[in-house]
Amino acid sequence: MATAGGGCVADPGSRSLLRLLSFCVLLAGLCEGNSVERKIYIPLNKTAPCVRLLNATHQIGCQSSISGDTGVIHVVEKEEDLQWVLTDGPNPPYVVLLEGTLFTRDVMEKLKGRSGRIAGLAVSLAKPSPASGFSPSVQCPNDGFGVYSNSYGSQFAHCRAFQWNKVGDGLAYEDFSFPIFLLEDENETNVIKQLDSRSFFWNVAPGAESAVASFITQLAAAEALQKAPDAATLPRNVMFVFFQGETFDYIGSSRMVYDMENGKFPVQLENIDSFVELGQVALRNSLELWMHTDPMSQKNETVLNQVEVLLSTLEQSGAGVPTVVLRRLNQSQPLPPSSLQRFLRARNVSGVVLADHSDSFHNLYYQSIYDTAENINVTYPAGQSPEEDLNFVTDTAKALAGVATVLARALYRLAGGASFNDTIQADPHTVTRLLYGFLVRANNSWFQSILRPDLRSYLGDGPLQHYIAVSSPTNATYVVQYALANLTGKVIDLTREQCQDPSQVPTENKDLYEYTWVQGPLNANETDRLPRCVRSTARLARALSPAFELKQWGSTEYSTWTESRWKDIRARIFLIASKELEFITLIVGFGILVFSLIVTYCINAKADVLFITPREPGSVSY
Ligand SMILES: *[C@@H]1O[C@H](CO)[C@@H](O)[C@H](O)[C@H]1NC(C)=O
Ligand SMILES: *[C@@H]1O[C@H](CO)[C@@H](O)[C@H](O)[C@H]1NC(C)=O
Ligand SMILES: *[C@@H]1O[C@H](CO)[C@@H](O)[C@H](O)[C@H]1NC(C)=O
Ligand SMILES: *[C@@H]1O[C@H](CO)[C@@H](O)[C@H](O)[C@H]1NC(C)=O
Ligand SMILES: *[C@@H]1O[C@H](CO)[C@@H](O)[C@H](O)[C@H]1NC(C)=O
Ligand SMILES: *[C@@H]1O[C@H](CO)[C@@H](O)[C@H](O)[C@H]1NC(C)=O
Ligand SMILES: *[C@@H]1O[C@H](CO)[C@@H](O)[C@H](O)[C@H]1NC(C)=O
Ligand SMILES: *[C@@H]1O[C@H](CO)[C@@H](O)[C@H](O)[C@H]1NC(C)=O
Ligand SMILES: *[C@@H]1O[C@H](CO)[C@@H](O)[C@H](O)[C@H]1NC(C)=O
Ligand SMILES: *[C@@H]1O[C@H](CO)[C@@H](O)[C@H](O)[C@H]1NC(C)=O
Ligand SMILES: *[C@@H]1O[C@H](CO)[C@@H](O)[C@H](O)[C@H]1NC(C)=O
Ligand SMILES: *[C@@H]1O[C@H](CO)[C@@H](O)[C@H](O)[C@H]1NC(C)=O
């Protein structure tokens, strides 16, 4: 427990020493201003702040005041410690260092109620993750932007059937008037707990969302399908789509539907034969994979029959994969939150959502900081090198590869393929390398080899964050694109210049393909890279919510979420002297001032005695 700014309390007898010290500090300040700053402030390097987000009607999240917030640090380890911050403590405002296990809606409501006494909040990660689950999302995610509403399928609207995210406490949709930081590094938490100090916060940044397991499975399925010898000649096309911003009222999928409706997308809505979506698939209890469908569209007999074909194709494909058992659900059960809902709003497509859960999510950490590699059992034996970890096939990778195999085989059949139904197989090595790259260490040899040279700094030593960026694609977006290009594309023999401008090469088609000059793997000496040209059909399309293009700022049809943040985001702590020491310093300083005034006066008065000059008396010289 630590309270109030301590520092040292000076003994009144040590005044002269103090005076000496203040001179020293002054001198040091003159010579090396920077280093004093460095000594006073300890920057907190691994923090993830929460940001202010706005939609048409609400503001959520948190924000510091423009010049930052300062307060006395108070560590809250048990609920009883809150008493001090909320009522008892004499020196508000406080910056609360909260144990991760206490970061719950209950506690936050209490803090919010006394926000005048709170200057900020730093939350340490709970280790291990809270056993009862933690999800700052709401119990009914994306409510109101899916297909069900009071006027259509009202019995399913607002999660009437059941709450998909049972543990959700809605914390992420609350509005706080003080900044909140997550301390990602245990050691930094310890630094604060030691120091008796104040905290000084600057502005804040976005949070992360993770849907990694499902897009990895999809990437592995794409690779498996691509390897089928007749993949290029199938009667129907298969398009793999990776949406971003879906948690914010389906930004990605609503944009695509909007573009399709307005003829701005190469594929029309009417051209969609079937829609297969992967929901959360990494936490399968036993072997079950549930097939969710929409009851409303199936009231139409045509659609009902199409969905039946879709489900039986999946079942046939699953029959050859012993690690996956496909299961149907009661036909009157609504869809979970999914991109398919946005397509159903526009057209009654036949579609299915595959998920590890039959009703509420199995994931206890939906959209929370604890939805990490450990949550889906991605762990590695101790003492392995990064390269060994990269290629170590985890059980999770095997399980996801099974799902990818089912998906790839089903897509193959749906696309009209027949000859290689049972030979298509997703590669667990691909899955494990993707899991490692996205969840453990992005800066690995494989990701480095598949990226453009100018993007290499996008790979940090930790997991890739899945920020929903306002302006530019995020790091993860590029990596997904280039992973897809690597897995489904082809290395072609072009020079760097030709690769960057393939229109000069008669055999290549710039409209049909995307050409990328990638870094390539290290050579045998590990001194240089072997760059190469990769041709693929992987493309990136901007997904700005249509609400902004239509200037419908109050839209209830399209997402209106925006993010507000200042340019710089950081937090730092510094030591400050106690009130007593400040008072003594002031008194001593004042004493010195009075003393010097007296001395000056005396010298001045006796100047004619002290400095004998030929001048006229009365003309004062300094
Ligand atoms: C904005 O977000 C709040 C909080 O989630 C929600 O209650 C409200 O309906 C949203 N407004 C619109 C127009 O979507
Ligand atoms: C924390 O400090 C310990 C001991 O100094 C060190 O071994 C450990 O790697 C540090 N942890 C992190 C996450 O930096
Ligand atoms: C943050 O990094 C700086 C420079 O590397 C270091 O001096 C400082 O101690 C770090 N902060 C903490 C809390 O470890
Ligand atoms: C994860 O590992 C734990 C402990 O080994 C096990 O009980 C659990 O079933 C595993 N979960 C999955 C989804 O494999
Ligand atoms: C059922 O759906 C089909 C195809 O989407 C459409 O052509 C047909 O008109 C629909 N039938 C009814 C009764 O709405
Ligand atoms: C499906 O659910 C409905 C309503 O919840 C129920 O009446 C019906 O008996 C269920 N059907 C099956 C086959 O379980
Ligand atoms: C889908 O089908 C249902 C039931 O037939 C119908 O009420 C609804 O309007 C259709 N949706 C679209 C977008 O056509
Ligand atoms: C492959 O799938 C197609 C379509 O489902 C089916 O007609 C065909 O018999 C299957 N072939 C084999 C060898 O299973
Ligand atoms: C990635 O790792 C390599 C060594 O494997 C290192 O040289 C490079 O600086 C790292 N990049 C980043 C952005 O950390
Ligand atoms: C994302 O890319 C930026 C720009 O190169 C880099 O500074 C940042 O560390 C990357 N973030 C992660 C989480 O790797
Ligand atoms: C994908 O990456 C692997 C490993 O670096 C490499 O062997 C392969 O040639 C790459 N494929 C393409 C199409 O870039
Ligand atoms: C390895 O390095 C040596 C000396 O630096 C060079 O002569 C040789 O060609 C290199 N080999 C390869 C495969 O790059």
Between the side chain of Glu315 and the main-chain N/O of Arg328, is any donor-acceptor distance below 3.5 Å? no
Answer with yes or no after comparing the ring centroid distance for Phe447 and Phe438 against a 6.0 Å cut-off, counting only values under it. yes
Glu223 with Lys227: basic N within carboxylate O range, under 4.0 Å: yes
For Gln280 and Asp356, does a side-chain donor sit closer than 3.5 Å to a side-chain acceptor? no
Do the side chain of Ser350 and the main chain of Ser274 share a donor and acceptor less than 3.5 angstrom apart? no
Checking Asn391 against Tyr436: is there a side-chain donor and acceptor pair closer than 3.5 Å? no
Any side-chain heavy-atom pair from Leu494 and Glu508 closer than 4.5 angstrom? yes
Can you check whether Ser445 reaches Gln448 side chain to side chain, under 4.5 Å on heavy atoms? no
Checking side-chain contact (heavy atoms from CB on, under 4.5 Å) against Val349, which of Val307, Asp294, Leu344 comes through? Leu344
Would you say the rings of Tyr250 and Phe145 are close, in the sense that their centroids are separated by under 6.0 Å? no
So, Asp395 versus Asn377: side-chain donor-acceptor pair below 3.5 Å or not? no
In a table with atom names and distances, give each donor-acceptor pair under 3.5 Å that connects a side chain of residues 213-222 to protein atoms at least two apart or in another chain.
| unit_1 | atom_1 | unit_2 | atom_2 | d |
| --- | --- | --- | --- | --- |
| Ser214 | OG | Ala211 | O | 3.2 |
| Thr217 | OG1 | Ala213 | O | 2.7 |
| Gln218 | NE2 | Val241 | O | 3.1 |

